[in-house]
Amino acid sequence: MNPIRQDFPAFDRLDRPLHFLDNAATSQICRPALEALVRFETDDRSNVKRGVYARAERASVAFDDARKAAMEFLNAPSPEEIVFTSGATLGLNTAAHILQDRLKPGDVILVSLLEHHSNLVPWQLAAERRGASLRAIPVTDGGRLDLERLDELADRVKIVAVTHASNVTGAITDVARLRAFCDATGALLVLDGAQRAAHGPLDVQALGCDLYAFSGHKCFGPTGIGVLWGRYDLLDSAPPFLGGGEMIRRVSIERSTFAPPPHRYEAGTPPIGGAIALGAALAWSMAQDWDRLGAQERELAGRMLDGLASLPGCRIYGDTGTQQRIGVVSFELEDVHAHDVCQLLDSDHGVMLRGGHHCAQPLMERFDTVATVRASLAPYNDGADVDALLNGLEAVRRKLA
Amino acid sequence: MNPIRQDFPAFDRLDRPLHFLDNAATSQICRPALEALVRFETDDRSNVKRGVYARAERASVAFDDARKAAMEFLNAPSPEEIVFTSGATLGLNTAAHILQDRLKPGDVILVSLLEHHSNLVPWQLAAERRGASLRAIPVTDGGRLDLERLDELADRVKIVAVTHASNVTGAITDVARLRAFCDATGALLVLDGAQRAAHGPLDVQALGCDLYAFSGHKCFGPTGIGVLWGRYDLLDSAPPFLGGGEMIRRVSIERSTFAPPPHRYEAGTPPIGGAIALGAALAWSMAQDWDRLGAQERELAGRMLDGLASLPGCRIYGDTGTQQRIGVVSFELEDVHAHDVCQLLDSDHGVMLRGGHHCAQPLMERFDTVATVRASLAPYNDGADVDALLNGLEAVRRKLA
Amino acid sequence: MNDALYDQAIIAEARSKTGAGRLDAPTVTAECDNPLCGDRITVDLAVQDGAISDLAHKTRGCLLTQASASLLARYAKGGDVAAARELRAAIDAFVKGQDDERFAILTPVRNAKSRWDCVTLPFQALADALADLEKRG
Amino acid sequence: MNDALYDQAIIAEARSKTGAGRLDAPTVTAECDNPLCGDRITVDLAVQDGAISDLAHKTRGCLLTQASASLLARYAKGGDVAAARELRAAIDAFVKGQDDERFAILTPVRNAKSRWDCVTLPFQALADALADLEKRG
Ligand SMILES: Cc1ncc(COP(=O)(O)O)c(C=O)c1O
Ligand SMILES: Cc1ncc(COP(=O)(O)O)c(C=O)c1O
């Protein structure tokens, strides 16, 4: 058994095997995160910001520490650039709000066919408000951004908003190439880190992006919390998005003035328990040996890809190599519906997978399909999970194909 | 000791007294809510909507059940009218978004001087976008909406957005009077239920409001979750607010079509653990005897108000009666700063209070002050809490005044 | 919990492909999507004198949807329109626990709430077709 | 944890009201708000030949802010501008743990992070005033 499982309460007591391969949808929560959440709720529960009693003081300090943990995880220059959101989706909506005033009618937001709906719809709504439009970077047969085509797409591009890693094909984006494009065109670069954040600490300064969003529940934290990082000058350049308590400086009935970032974008009582637990999850992640975990993930992904490739009638979507990818693999079994695969793998083999369009309909269309089966790896997975998957698929194929 | 404390983990093991009187800022979490949260994170952790494996099925069923619990708590006609948000603030921002297209330049949103910033700023932002403006119902010396003045404020009012109960004076709003006003003027009625929801189940149909928002963390649930209820036809009449996964019907790069309510307003992975825990908290609330708890609260509030009234140099803001109010009381000690009061009551007497403007600056101005001390009651408070408060205030007065 | 979901009865019903195909000259046609998984069913009805004289369905979907589409064809084809109108509500009541001999092979679906839409989809398409027919008067 | 926050030394320093009031003809004035609690301090400086020849403050605030404002008057008044420029950073370092005799009576504030702004507010006002002075050249 993978010893890292001891850090995950999901594996504590089980009456049946938990071959959890739906990590791209949500990961399991790590023990430090759950413990931090319970500790907050039991010992420190109180509102943050301006409670002067000791209980509130502890909660506020823990909340500030969580912001610092996020800063360290992203290697952001300052905690003031860390905005807590309810998840990647709100983060990306906030990003679109922050940048939308830079768009003039006719301007273009460059997205890609790989994008999750959460990194498409906010930009569509912003584009509609400003008379701008979206243009998509095409995707290769290998499920990667076709960056060869980048230069022909440059006209009037003001914002580039793409995923850092695909939740369908696992492809990791060549950010350096996009950074160069943005340097040449003056566009701003927004990365959707929802998938990438589960695979170890990041360096937004080295990446050279302008805004970066991710969700806690995909990187071993709780649901309902996420982070938007942004360059301070960008955060400071925009009007507020949501209005309410804590984001103001001065309120009268007629008008209000607003707090500086990050508070300007944190209206109302924040998800305090969620933020504190996310901080603990990020600290857990930063304490891991990601060289080893990355090698483990590549090994398991390779075993999975090889096994799938030798399964009759199995079509893999995207690259079959193990480099420049995360352990997310999509495939289809000929003549077997994705949901039938998923249901049987769970009920008969204890393997949890996702079937569907994975909130990436433009990519499904690109691949001329409607739904794939997806298996996705986390540090607690091991060879037994992959074997159960492959054996299960073989059994399903015999039963249904 | 108040036996209801057994339902609250905050009181399980304490090395010093926990006279928690900051319930209007956030309540303690009840045991069923914390247990539901831990159970989800341990046994059912997975994403909801379309995971077909049993673990995801359990999570989805629990999430749907939470929506039903919210429906019952509010006596809403259908679960489709229940939108999960990250809190009252996002709920009120969503409400403002849903209604803003009804505003023409020159139209008026009627708010009040009692409002929390979270029920002011979203309307200011919406008004600004539409060329509309805000007008405020004045407040009596007793800290209540001055509804006698309502008729003179009617011109061009399209939306009435007021608090159901004040987080500063504790006044409960006469909703029937507002409903009649809206019937006469055709305005829509939005209630901010952030405070009221902590005091037992509601009946939005009997209230006759059109939209209603509250936060989980103030009514014994976790942070990071809230509910916006809205009449289905209103929810269905507006475009989406946040964009992302789960709120769509069909997405292409150029355009998207959107899901019906409530999903249209729930972009991205929702706060699943938070919603499930909130459902448990609302079920706990619905199982209580609120006749008894209401009587207990009035008795304690009366004791507090009487004690404060007899404390030399103590000024109470708002009504000193115990009818048509929740157990929220604001006051000031002459010549002693609110934060000094709060700090000393905590360190020397174990009493937790809030000092400040309570996110209600227009009301502070109305009362010609900058900060008050606030004590607020929950079902787990008892006479010992009130006595500790009153004795502590007497001691502080002697020490500092 | 869903152990019996793929028992032989359901698989056999799906494979029977009862009513699979299209009609040449349908009186009315309805298409219905399950937006979450991309499944799609097209139902053609030939209606004469208040009866469904012929029915065909083209189904892209999982085994449960296919089995359900076969059942749809079995029960709606040849029956009268009034009876067919009841079927949408009947399958809904069935998955929620109401006994109904006609759908007995789908009993395991009751425990798999995420799959309820899979079995109701064909009946929704039928309902849509009948609603369309009625609108035309 | 904050037990000593209201010890006699702090209370006495606050009550001393050292430097409380306004100047008739200040060289420069700065007003600083703590938006979260509504506290407000106005600092008047009279500056001559690179020295702060006089200083007064009008303080609406808690005891901690008042004690800190008294300390401000003690240390800035009569000193030279260059030394006064260091004070804002010094109080900040002090609350974060750096030893500094001048602020010793404020030591209990270190454990009360929510109150740090209370004691730095007067020094922020001083810094704002000096920055304004510098801008004028
Ligand atoms: C009356 C009132 N409205 C709105 C809010 C905002 O709630 P939240 O901060 O949980 O979003 C609060 C509490 O902060 C409140 O007391
Ligand atoms: C690539 C990508 N972007 C964005 C999201 C949205 O994240 P969330 O649903 O947590 O807001 C997801 C996951 O759902 C994702 O995989």
Side-chain angles (χ1 to χ4, degrees), chain A residues 9-10 22 25-26 28-29 34 38 41-42 45-47 50-55 86-90 93 116-118 120-122 124-125 134 136 215 217 222-225 242-245 248 250-253 255-256 267-269 271-274 339 342-343 346 352 354 356 359 361-362, chain B residues 9-10 22 25-26 28-29 34 38 41-42 45-47 50-55 86-90 93 116-118 120-122 124-125 134 136 215 217 222-225 242-245 248 250-253 255-256 267-269 271-274 339 342-343 346 352 354 356 359 361-362:
Chain A
D22 193 18
T26 199
Q28 296 305 313
I29 195 170
L34 186 54
V38 171
E41 291 294 1
T42 308
R45 167 71 176 239
S46 44
N47 214 322
R50 279 295 131 166
V52 300
Y53 48 87
R55 193 178 179 87
S86 62
T89 299
L90 180 57
N93 279 275
H116 188 280
H117 298 160
S118 288
L120 285 176
V121 183
Q124 291 179 341
L125 298 174
L134 269 61
S215 280
H217 71 96
T223 57
I225 184 74
L242 304 172
I248 57 95
R250 193 89 223 147
V251 174
S252 68
I253 295 296
R255 76 185 55 74
S256 302
T269 302
I272 306 169
H339 280 155
C342 293
Q343 191 93 52
D346 181 49
M352 286 148 233
R354 178 136 311 222
C359 299
Q361 289 178 350
Chain B
D22 192 19
T26 199
Q28 296 303 313
I29 195 170
L34 185 55
V38 172
E41 290 295 0
T42 308
R45 168 72 174 236
S46 44
N47 214 320
R50 279 293 131 165
V52 301
Y53 48 87
R55 193 177 179 86
S86 61
T89 299
L90 180 57
N93 278 274
H116 188 280
H117 298 162
S118 287
L120 285 176
V121 184
Q124 291 178 343
L125 297 174
L134 269 62
S215 281
H217 71 96
T223 57
I225 185 72
L242 304 172
I248 58 96
R250 193 85 223 148
V251 174
S252 68
I253 296 295
R255 77 185 54 76
S256 302
T269 302
I272 306 170
H339 281 154
C342 294
Q343 191 92 50
D346 181 49
M352 287 149 234
R354 178 137 309 223
C359 298
Q361 289 178 350

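In what follows, chains are A, B, ... by sequence order, proteins preceding strands, each numbered from 1. As the structure is a prediction and not an experimental result, all values here were calculated from the model.
Listed options G273(A), S86(A), A136(A), S256(A) were ranked by heavy-atom pairs under 4.5 angstrom with chain B; first place goes to S256(A). The candidate from V38(B), T89(B), I248(B), L134(B) with the greatest count of non-hydrogen atom pairs under 4.5 Å with chain A is T89(B). Note on N93(A), L120(A), D22(A): by heavy-atom pairs under 4.5 Å with chain B, the leading option is N93(A). Interface summary for chain B: among T42(A), L34(A), I253(A), L90(A), the most heavy-atom pairs under 4.5 angstrom belong to I253(A). For the set S46(A), G356(A), S215(A), the entry with the most heavy-atom pairs within less than 4.5 Å of chain B is S46(A). Of the listed residues (P271(A), P362(A), G224(A), G243(A)), the one with the most heavy-atom contacts under 4.5 Å to chain B is G243(A). When each of G87(B), A88(B), G274(B), P122(B) is checked for heavy-atom pairs under 4.5 Å with chain A, P122(B) comes out on top. The residue among C342(B), G244(B), G245(B) with the most heavy atom pairs within less than 4.5 Å of chain A is G244(B).
Contacts between Q28(B) and chain A at a heavy-atom distance below 4.5 Å involve backbone atoms as well as side-chain atoms. When heavy atoms are compared at a cutoff of 4.5 Å, L125(B) approaches chain A solely by way of its side chain, counted from C-beta outward. Within the 4.5 angstrom heavy-atom criterion, only backbone atoms of R255(A) (N, CA, C, O) approach chain B. If you measure heavy-atom distances from H339(B) to chain A, the contacts under 4.5 Å come from both the backbone and the side chain.
Atom-to-atom distance recorded for R45(A):CZ and R55(A):CZ is 9.0 Å, nearest 0.5 angstrom. Here the NE2-CD distance, from H117(A) to Q124(A), works out to 9.0 Å after rounding to the nearest 0.5 Å.
Here the side chains of P222(B) and H217(B) are not in contact, with every heavy-atom distance at 4.5 Å or above. Residues V251(B) and V121(A) have side chains in contact (heavy-atom distance under 4.5 Å, counting atoms from C-beta outward).
Distance alone, capped at 3.5 Å, is enough to place a donor-acceptor pair between the N47(B) side chain and the A25(A) backbone.
Across all their heavy atoms, V52(A) and Q343(B) have their closest contact at O-NE2, 3.3 Å.
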